[in-house]
Amino acid sequence: MHHPKTTHPVVRAAFGIAALVLIAFLANWLISLTSFGTKGADFTEDRVHTLSKGSKTILEKLDAPVTIRYYASRKNEALPRETKLFIRRIDDILKEYANLAPEGKLRVENLDPQPDTDAEDSANLDGIQTQNINQYENVSLGLAISCLEQNSRINIDPFDVQSLDEQETMFEYTLSRAIGEVIAVEKPIIGVMSALPLKGGPAQMPGQPPQQGWVIYQQLGQVFKVKDIELTATEIPSDIKVLLLIHPAGIAPETEFLIDQFLLKGGTLIAALDAYSFDAAATAQGNPMMGMGGGGIPTSSTLPTLLPAWNISFESSQTLADAKYRTILQGNRPGYSALSLPKEAMPDKDDVITKNLNDLFFILPGAITNQGNNGLASSTLVKSSVQAGLTDSMAASQFSPNVTFENRRAYDLVLRLSGKFKTAFPNGKPGETPPDDEANAEKKDDKADEKKEAAPAKPAWLKEGISDSNVFIIADTDAFSNQGAYRIQNMGGMQAAMPYNGNSVLLLNIIDQAASSADLIGARSRASIRRPFTLIREMEANAENAMQDKQKELQSKLKAAQDRLTELTQSRDSSKDLRLSTAQEDEEKQFRAEVTDANKQIRELYKDLKREKDKLSARIIGLNLGVVPGLVLLAGIGIALFRRLSARAR
């Protein structure tokens, strides 16, 4: 009787696992061809493969086609390995953008700007920076973003390996901001409201020069369209999306009502308030440093109705003093109310507004306290130390070393609020009769019907926000003045302003973020995908050290040959006989050969080092790709054998 040939269990298990792997591969390939292939789950610790909510919102709002031309010299072997990894990371991010954008609204073009190609010409037209390696090779890395007639660009230094990690964490925000800029139909409009003469003004006294305008105000005009709004204005133009309020001293309730309604319509408010403004004190008729005498602009400012409605307390009658962040002034005097704020005073290390700031300088600021329970999200951008307290403004303005601290604790210096605000004026515009009282009065009037027909319809006012709004509260105004933020020098008859701290950058970052797209407000930098392999770096360092001796020997040999060639050349030039002897010609040929050979060996040395690094990287990649599948395969075989043996035992 013929018995069919049986297959060994191990072989059957191996075939089964191989079949499963093949099925999984084919299924993954087929799914990748469908729309489901672009979906994924991000299980990384910091969700480094997921776009932020603001970026997604910007992409969802695309109503005109946006083109991203991505220039990368991928085939150039001079690129550092870190840059090649960074290029692949940008590839992944751009795929995320393309997948999330509405169909046909975002196109990514991958271009390699090699010499004498159309891609190189296109890169030059788009303003992408090119770095020359030699006479025949160039390297470019950057993106050009365009929509209709609007253009923007992002340039990246491919050889600045040290900053790549920083650029990676900021890349999503930078790209989303660039897209927001090009889809904007017009230049963003910024409304500016202030009691101070930001544009400058006439001389205060005869014989004195005119008052100089604020440098930061001039910078705003270079980037945005600025509209000045008086503190006594009766309306805020509807085309203004960002309102910058600097020292609103003596602000009227009617103006606060305008700001309230502006916020409820989805606007962004940036309010720089102060406990003691030196610029305001300088307008007084008495001692400008003391702010004494009649007239002039009040030295303190606040929002007396709006802030309490948001459960925010701002101390404007006393200045903040900080024993830890004090500034040492001339004569070795401690300036407790002149705060030199280091990086640690900016608690949110990932917020893009303060991420790249190293220091700030606030002069006689006020103190912000967020009492909470306002239904709004909040975050502190700048904070004092716990050794801070409140002190008398006039005494602090003289920078007396003998100051008394009250209510010692940490205070906010820059605070952000976001969400749907509720009106601070539940009874409507100040000075007008509430609608209910007016209705009752009209009922009592004998001619109510006639008056109703004749009276024009009153504009409606909002009681709560129709969309999310944002408020930035800053506890100082002098920080952004010419004296507080810049060093102004005369250069060739022209004045040049150089920032000497991060104050101007702080304000410009806030305005830039709010004006580019409200969706980016509160955006955070992405966590870096890089994880340093210290063992690999140690192995690379050992390999480099092993080759250093050989490199020094070759460099020494090369220098000796070059020096001898120089001597031969000089001796020939000084000799009347321009012809060299046969021995000298042979010696010259020998040394030229030595120079060529030494250069060749040095090049080979660098190539060998690069090969060793590439081999090491290949081994790591091989282990990453092979170890886990191998363990799964062995586990499958082990389970199959165990089940087979268990079945036989029965």
Side-chain angles (χ1 to χ4, degrees), residues 170 173-174 177 181 187-188 190-200 211-226 228 242-248 268-274 276-280 282 301 325 327 338-343 345-346 348 351-366 368 380-383 412-416 470 472-491 494-516 520-521 523:
M170 294 293 293
Y173 173 78
T174 305
R177 176 178 169 274
E181 287 177 352
K187 214 180 205 182
I190 307 295
V192 178
M193 184 181 289
S194 178
L196 298 172
L198 302 183
K199 293 192 295 185
Q211 298 181 60
Q212 188 177 13
W214 283 30
V215 172
I216 201 162
Y217 178 85
Q218 299 168 8
Q219 289 181 330
L220 286 176
Q222 296 170 2
V223 182
F224 307 104
K225 185 177 180 181
V226 176
D228 294 308
V242 179
L243 178 62
L244 175 60
L245 198 60
I246 296 181
H247 196 59
T268 296
L269 171 67
I270 304 168
L273 312 176
D274 214 333
Y276 190 95
S277 166
F278 275 112
D279 273 71
S301 58
Y325 296 146
T327 301
L339 309 187
S340 295
L341 300 162
K343 190 76 173 177
M346 306 167 215
D348 195 341
D351 195 291
V352 296
I353 291 175
T354 56
K355 184 177 178 66
N356 293 323
L357 298 180
N358 293 318
D359 67 301
L360 299 170
F361 182 59
F362 280 22
I363 313 166
L364 277 68
I368 304 170
T380 300
L381 299 180
V382 184
K383 197 178 189 72
D412 292 340
L413 291 170
V414 181
L415 178 69
R416 175 175 55 219
N470 299 276
F472 294 87
I473 306 172
I474 306 172
D476 192 24
T477 59
D478 292 315
F480 311 113
S481 67
N482 294 353
Q483 292 76 21
Y486 300 92
R487 284 196 176 94
I488 301 178
Q489 299 175 337
N490 287 318
M491 301 179 65
M494 298 181 64
Q495 288 190 329
M498 299 295 294
Y500 71 91
N501 52 45
N503 294 357
S504 60
V505 179
L506 170 70
L507 184 59
L508 292 173
N509 280 355
I510 293 174
I511 298 173
D512 186 57
Q513 188 182 82
S516 297
L520 290 178
I521 295 178

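Throughout, residue positions are numbered sequentially from 1 according to the sequence presented.
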Handout entry: Close side-chain approach of Leu244 to Tyr217, heavy-atom, < 4.5 Å
Key = no

Problem - Rounded distance (nearest 0.5 Å) linking atom CZ of Arg416 with atom CG of Asp348 - result: 7.0 Å

Practice task
Would you please name every residue forming a salt bridge (charged side-chain N to carboxylate O under 4.0 Å, His left out) with Asp412, sequence neighbours left out?
Solution key: Lys383

Problem - Between CD on residue Gln218 and CD on residue Gln212, distance to nearest 0.5 Å - result: 7.0 Å

Exercise for the section: Taking the side chain as every heavy atom from C-beta outward, state whether Phe480 and Ile246 have any atom pair closer than 4.5 Å. Expected result: no

Practice task
Measure the OG-CG distance between Ser301 and Leu245 for me, rounded to the nearest 0.5 Å.
Solution key: 8.0 Å

Handout entry: Pairing residues for Asp359 by the side-chain contact (heavy atoms from CB on, under 4.5 Å) criterion, not counting sequence neighbours
Key = Asn501

Practice task
Identify, with sequence neighbours excluded, every residue that meets side-chain hydrogen bond (donor to acceptor under 3.5 Å, both in side chains) alongside Asn356.
Solution key: none

Problem - Thr354: side-chain contact (heavy atoms from CB on, under 4.5 Å) partners, not counting sequence neighbours - result: Met346, Asp351, Leu357, Leu381, Leu506

Exercise for the section: Verify side chain to side chain contact (heavy atoms under 4.5 Å, CB included) between Asp478 and Gln483, making sure each step is shown before the conclusion. Expected result: CA-CA 8 Å; Asp478 292 315; Gln483 292 76 21; over 6 Å; no

Problem - Matching residue for Leu507 among Ile474, Ile353, Leu220, Asp512 - test: side chain to side chain contact (heavy atoms under 4.5 Å, CB included) - result: Ile474

Fill in the blank from the handout: For Asn503 and Phe361 the tightest heavy-atom approach is ND2-O, 2.7 Å

Fill in the blank from the handout: Residues passing the side-chain hydrogen bond (donor to acceptor under 3.5 Å, both in side chains) test with Thr327, sequence neighbours excluded, are Ser340

Exercise for the section: State, to 0.1 Å, how close Leu364 and Tyr276 come at their nearest heavy-atom pair, and which atoms those are. Expected result: CD2-CD2, 3.5 Å

Fill in the blank from the handout: Applying side-chain contact (heavy atoms from CB on, under 4.5 Å) to Lys225 and not counting sequence neighbours gives Ile189

Fill in the blank from the handout: Residue set satisfying side-chain hydrogen bond (donor to acceptor under 3.5 Å, both in side chains) with Thr477, at least two apart, ordered chain then number -> Asp274

Exercise for the section: Using atom types as modelled and distance alone, determine if a side-chain donor or acceptor of Asn358 lies under 3.5 Å from a backbone N or O of Gly502. Expected result: no

Completion exercise
When Val242, Leu415, Thr268, Leu269 are each screened for side chain to side chain contact (heavy atoms under 4.5 Å, CB included) with Phe472, the one that passes is Thr268

Completion exercise
In short, Ser481 meets Asp279 closest at the heavy-atom pair CB-OD1, 3.5 Å

Exercise for the section: Might you work through the side chain to side chain contact (heavy atoms under 4.5 Å, CB included) test for Phe224 and Val192, ending with a clear yes or no? Expected result: CA-CA 11 Å; Phe224 307 104; Val192 178; over 6 Å; no

Handout entry: Closest heavy-atom pair and its distance - Pro499, Ser504
Key = CB-OG, 3.9 Å

Handout entry: Option among Val382, Leu339, Val505, Leu413 that satisfies the side chain to side chain contact (heavy atoms under 4.5 Å, CB included) test with Leu360
Key = Val382

Problem - Spatial distance of atom CD1 (Ile473) from atom CD1 (Ile270) [nearest 0.5 Å] - result: 12.0 Å

Exercise for the section: Please identify each residue that fulfils side-chain hydrogen bond (donor to acceptor under 3.5 Å, both in side chains) with Gln219, with sequence neighbours left out. Expected result: Tyr486

